[in-house]
Amino acid sequence: MTDIAARVAGIRDRIESAGGDPARVRLLAVTKGHGAEAVEAVVAAGVPDVGESYAQELLAKVDAVEAPVRWHFIGGLQRNKVRSIAPFVQLWQSVDRLSLAAEIARHAPGAAVLVQVNVSGQENQGGCPPERLSSLVDGCSDLGLEVRGLMAIGPQGTDAEVRAAFRRVRELADQYGLPERSMGMTGDLEAAVAEGSTLVRIGTALFGPRGSTRAVGT
Ligand SMILES: *Cc1c(COP(=O)(O)O)cnc(C)c1O
């Protein structure tokens, strides 16, 4: 097995150990900070879902990568970047305000989105406050977007605090009848899976630290 394939297998083991069904919890490979070769390697290892956080970086990789990729956008997004990436993004995971949703609907009518909810109270993590979620979800639907679920970034904190935040995401998703719950990263995958994640977003555990020459997949 190549290094990346072994790491993918390792993630699936972690999902299973946390009580998740690896066939039901989707793995999103987060390639930000790594080159196009990381994307090629992870797709070759059987992971077609790839996430990027920066519009420019996504566009550079779209140009360089030949493998068939399902691109997800997971980062904070300015409205003026939407148009350039709209032809490539298959799931917009970081929709946190109506003005952004409107721009997406304009350039990618009917697009699939996740609404990012902030359950940590940590503002630098982005996301819509839970009390505004209802109007944002309705607003996205009114714009013709397909709201598939919620995305959240876990808080810094104790395991109990992290679990409680993810549980809240699940409860909110249930409340709005949304099936997809994108939660869990390298450091909090187990807590997220235990609380019902359907999609984990993993960078470091697959590719090593960002900006490091030790990054694998090259
Ligand atoms: C960078 C990033 C990830 C991946 O984080 P790791 O800790 O490297 O697994 C997941 N989700 C979002 C929103 C990110 O920005």
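Position 1 is the first residue of the sequence, and the numbers go up from there. Bear in mind that the values here come from a model prediction, so they are computed numbers and not experimental data. Both counts, for ligands and for their atoms, begin at 1 and track the order of listing.
- Looking at R132 and D96, no side-chain N of the basic residue comes within less than 4.0 Å of a carboxylate O on the acidic one, giving no salt bridge.
- The ligand atoms of ligand 1 that sit less than 4.0 angstrom from a heavy atom of R201 are 4 (C), 9 (O), 10 (C), 11 (N), 12 (C), 13 (C).
- A donor-acceptor pair shorter than 3.5 Å can be found between the side chains of T31 and E52.
- A salt bridge does not link E195 with R170: none of the charged nitrogens is closer than 4.0 Å to a carboxylate oxygen.
- Checked by atom type and distance alone, the side chain of D138 never pairs as donor or acceptor with a backbone atom of S135 at under 3.5 Å.
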(request) Go through the steps to decide whether S94 and Q116 satisfy the test side chain to side chain donor-acceptor pair (under 3.5 Å), and finish with yes or no. (result) CA-CA 5 Å; S94 47; Q116 183 180 350; 4.9 Å; no
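- The distance from the CG atom of L133 to the SG atom of C128 is 5.0 Å, given to the nearest 0.5 Å.
- Residue contacts with ligand 1 leave out Q93, since none of its heavy atoms falls under 4.0 Å from the ligand.
- Heavy-atom proximity to S53, at under 4.0 Å, picks out these atoms of ligand 1: 15 (O).
- Not a single N or O atom of I74, backbone or side chain, sits closer than 3.5 Å to an N or O atom of ligand 1.
- To the nearest 0.5 Å, the span separating CD on E180 from CD on Q93 amounts to 7.5 Å.
- The atoms of ligand 1 that sit less than 4.0 Å from any heavy atom of T186 are 6 (P), 7 (O), 8 (O), 9 (O).
- Which parts of ligand 1 touch I202 is read off a 4.0 Å heavy-atom cut-off, strictly below it: atoms 9 (O).
- Near T204, meaning under 4.0 Å from any of its heavy atoms, are these atoms of ligand 1: 6 (P), 7 (O), 8 (O), 9 (O).
- Residue K32 touches ligand 1 through its side chain alone, judged by heavy-atom distances below 4.0 Å.
- Here the heavy atom of the protein found nearest to atom 10 (C) of ligand 1 is M185 SD, 3.4 Å.
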